S.K.: 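The following block contains the structure, expressed as structure tokens.
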Amino acid sequence: MARSKIALIGAGQIGGTLAHLAGLKELGDVVLFDIADGIPQGKGLDIAESAPVNGFDAKFSGASDYAAIEGADVVIVTAGVPRKPGMSRDDLIGINLKVMEAVGQGIKQYAPDAFVICITNPLDAMVWALQKFSGLPPQKIVGMAGVLDSARFRHFLADEFGVSVEDVTAFVLGGHGDDMVPLVRYSTVAGVPLPDLVKLGWTTQEKLDAMVERTRKGGGEIVNLLKTGSAFYAPAASAIAMAESYLRDKKRVLPCAAHLSGEYGIDGLFIGVPIVIGAGGVERVLEVTFNADEKAMFDKSIASVKGLIEACKGINSALA
Ligand code: A3D
């Protein structure tokens, strides 16, 4: 069987890390695409030269012409600009919306059958716009945010409890903004929900609340430390987990920004919810029930996403 083809649109910090991880996991041959000529070619060659040492077989190439992504099975989009200290994700909307238009046209022309994972911020609006520009079926395009936000929460929890990250599950839903919704009731250590662990004295409610808040601001914490860009190792690892679930038909249940058609009472938006990713793309949306507090947080997050969509429509009349 021929190797899968993975196209990475954007060969910056996340794009380069994605290429390296795709190689280490032997997910397929990788094409890096970027408008900055030389960067995708250079990173591709550098990673190819690491393959003999790490013992993986895959081809890596760099390009600045969309024809190179032709026939890709998976496309992961990081093209655009990241935030700098003092910026919110929403400040990126004007520049990155234009980038999504170009990327959408490239995908439409050369990789209309791909499973597309968007990472560019502001995530929930950019994946919505990319679906419109590319014309992809909604079940073949998702946004990466929930896996990352949940991983941040899992890291904080595992650290607090002194247990393996493997035994901590967490769900962070809603939009990928500071009002994202970490669902404490649905997050567990080996199946034991966090509220029960508070009762057992494993942590206090105050500490748990602080970890929830740190998760919400997790992206900003890294931006403030790096000063020149945003997180890239954990975002890349998260998108690779999603790509792997599609390419290997693993049917993992992952929180992702998926197109909703009535689920959660939402129609036509991409919102972070648990989905099953398999060979069919988004194969199923898992609808969890919310209590009143969770519903209020979710609704607030949805309102923010709707505001961003309206802003996109205001910038580009083709989206209205
Ligand atoms: P960076 O290292 O700047 O890479 C972006 C790359 O995109 C650069 O190499 C640019 O040359 C390239 N680029 C710009 N315009 C185009 C274009 N029209 N076509 C092709 N390539 C282009 O950024 P990064 O990799 O750190 O981050 C990429 C994006 O991911 C940013 O928008 C971040 O805000 C976003 N991000 C999202 C998350 C989520 O959890 C959703 C997390 C971290 C970063």
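Nothing fancy with the numbering, it's 1 onward along the sequence. One-based numbering, in listed order, for ligands and for the atoms of each. Atom set for the values below is all heavy atoms of this structure, side chains included, hydrogens, waters and symmetry mates excluded. Just so we're clear, the structure is a prediction, and the values are computed from it rather than from any experiment.
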S.K.: Would you call G229 a ligand 1 contact, heavy-atom distance under 4.0 Å?
M.R.: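 The answer is no: ligand 1 sits nowhere under 4.0 Å from a heavy atom of G229.
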S.K.: Side chain, backbone, both or neither: which part of H176 comes within less than 4.0 Å of ligand 1 when only heavy atoms are counted?
M.R.: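 Contact part for H176 vs ligand 1: side chain (C-beta onward).
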S.K.: A102: heavy atom below 4.0 Å from ligand 1, yes or no?
M.R.: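 No, that is not the case, since the closest heavy atom of the residue is not under 4.0 Å from the ligand.
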S.K.: Quick test: of every protein heavy atom, which one is nearest to atom 36 (N) of ligand 1, and how far off is it to 0.1 Å?
M.R.: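 The closest heavy atom on the protein side is N121 ND2, 3.4 Å.
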S.K.: Considering only the protein, which heavy-atom contact is closest to atom 5 (C) of ligand 1, and what is its distance?
M.R.: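 Going by distance alone, atom 5 (C) of ligand 1 is nearest to G80 O, 3.3 Å.
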S.K.: Please step through side chain to side chain contact (heavy atoms under 4.5 Å, CB included) for the pair V172 and V181, ending with a clear verdict.
M.R.: CA-CA 5 Å; V172 179; V181 187; 5.8 Å; no
S.K.: Would you sort out whether I277 and I275 count as a side chain to side chain contact (heavy atoms under 4.5 Å, CB included), showing the intermediate values?
M.R.: CA-CA 6 Å; I277 299 183; I275 57 168; 3.7 Å; yes
S.K.: For K313, I'd like to know if atom NZ has over 12 heavy atoms of other residues, nucleotides or ligands within 6.0 Å.
M.R.: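 Enclosed.
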S.K.: A side-chain contact here means heavy atoms from C-beta on lying under 4.5 Å apart; do V116 and K140 qualify?
M.R.: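 They are not in side-chain contact.
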S.K.: Taking D29 first and then R3, would you say they form a salt bridge - that is, a charged N and a carboxylate O separated by under 4.0 Å?
M.R.: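 Salt bridge present between D29 and R3.
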S.K.: Side chain, backbone, both or neither: which applies to D149 and ligand 1 if a contact is any heavy-atom pair less than 4.0 Å apart?
M.R.: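 Looking at D149 and ligand 1, no heavy atom falls under 4.0 Å.
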S.K.: Of the protein's non-hydrogen atoms, which lies at the shortest distance from atom 26 (O) of ligand 1, and what is that distance?
M.R.: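 Minimum-distance protein heavy atom for atom 26 (O) of ligand 1 reads Q13 CB, 3.6 Å.
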S.K.: Check for me whether the distance between the ring centres of Y264 and F290 falls short of 6.0 Å.
M.R.: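 Ring-ring flag for Y264/F290: true, centres closer than 6.0 Å.
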S.K.: If you count the atoms of ligand 1 from 1 in the order shown, which ones are under 4.0 Å from a heavy atom of P235?
M.R.: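 In order of number, 42 (C), 43 (C).
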S.K.: May I ask you to identify the nearest protein heavy atom to atom 32 (O) of ligand 1, giving residue, atom name and distance to one decimal place in Å?
M.R.: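 Minimum-distance protein heavy atom for atom 32 (O) of ligand 1 reads V81 O, 2.9 Å.
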S.K.: Under 4.0 Å between a Lys/Arg side-chain N and an Asp/Glu carboxylate O for K217 and E221?
M.R.: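 Between E221 and K217 there is no salt bridge, as every charged N stays at least 4.0 Å from the carboxylate O atoms.
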S.K.: Can you name the atoms of ligand 1, numbered from 1 with element, that are less than 4.0 Å from a heavy atom of L92?
M.R.: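 In order of number, 34 (O).
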S.K.: Of A234, P82, A239, G12, which has the heavy atom at the shortest distance from atom 23 (O) of ligand 1?
M.R.: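 Nearest option to atom 23 (O) of ligand 1, by heavy atoms: P82.
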S.K.: Quick one: side-chain contact (heavy atoms from CB on, under 4.5 Å) partners of D167, sequence neighbours excluded?
M.R.: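 So D167 forms a side-chain contact (heavy atoms from CB on, under 4.5 Å) with S164.
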S.K.: Give the residue, atom name and distance (to 0.1 Å) of the protein heavy atom nearest atom 15 (N) of ligand 1.
M.R.: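 Heavy-atom neighbour on the protein nearest atom 15 (N) of ligand 1: I35 CD1, 3.4 Å.
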S.K.: Which pairs, with at least one residue in residues 171-197 and sequence neighbours excluded, count as a side chain to side chain donor-acceptor pair (under 3.5 Å)?
M.R.: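 Residue pairs passing side chain to side chain donor-acceptor pair (under 3.5 Å), neighbours aside: R89-H176, D149-H176, T169-T188, D179-S304, R185-E294, Y186-T289.
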S.K.: At the 4.0 Å heavy-atom cut-off, does N96 count as touching ligand 1?
M.R.: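 It does, in that a heavy atom of N96 comes within the 4.0 Å cut-off of ligand 1.
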S.K.: For atom 6 (C) of ligand 1, which protein heavy atom lies nearest, and how many Å away is it?
M.R.: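 Its nearest protein heavy-atom neighbour is D34 OD2, 3.7 Å.
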S.K.: Would you please classify the geometry between the F270 ring and the H259 ring as parallel, tilted or perpendicular, with 30° and 60° separating the classes?
M.R.: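 Geometry flag for F270 against H259: perpendicular rings.
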S.K.: Determine whether the side chain, the backbone, both or neither of L148 has a heavy atom under 4.0 Å from any heavy atom of ligand 1.
M.R.: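 Within the 4.0 Å criterion, L148 contacts ligand 1 through side-chain atoms alone.
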S.K.: Between T215 and F153, what is the shortest heavy-atom contact and its length?
M.R.: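 Taking T215 first and F153 second, the nearest heavy atoms are OG1-CD1, 3.2 Å.
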S.K.: Give the contacting part of I119 toward ligand 1: side chain, backbone, both or neither, where contact means a heavy-atom distance below 4.0 Å.
M.R.: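 Within the 4.0 Å criterion, I119 contacts ligand 1 through backbone and side-chain atoms alike.
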S.K.: Quick one: which ligand 1 atoms are inside 4.0 Å of a heavy atom on M144?
M.R.: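 Under 4.0 Å from M144, ligand 1 has these atoms: 39 (C), 40 (O), 41 (C).
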S.K.: Do NZ/NE/NH1/NH2 and the carboxylate oxygens of E101 and K98 come within less than 4.0 Å?
M.R.: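 Result for this pair is no, no salt bridge flagged.
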S.K.: For atom 18 (N) of ligand 1, which protein heavy atom lies nearest, and how many Å away is it?
M.R.: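 Heavy-atom neighbour on the protein nearest atom 18 (N) of ligand 1: V99 CG1, 3.6 Å.
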S.K.: Could you identify the single nearest non-hydrogen protein atom to atom 27 (O) of ligand 1 and state the distance to 0.1 Å?
M.R.: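 Closest protein heavy atom to atom 27 (O) of ligand 1: I14 CD1, 3.6 Å.
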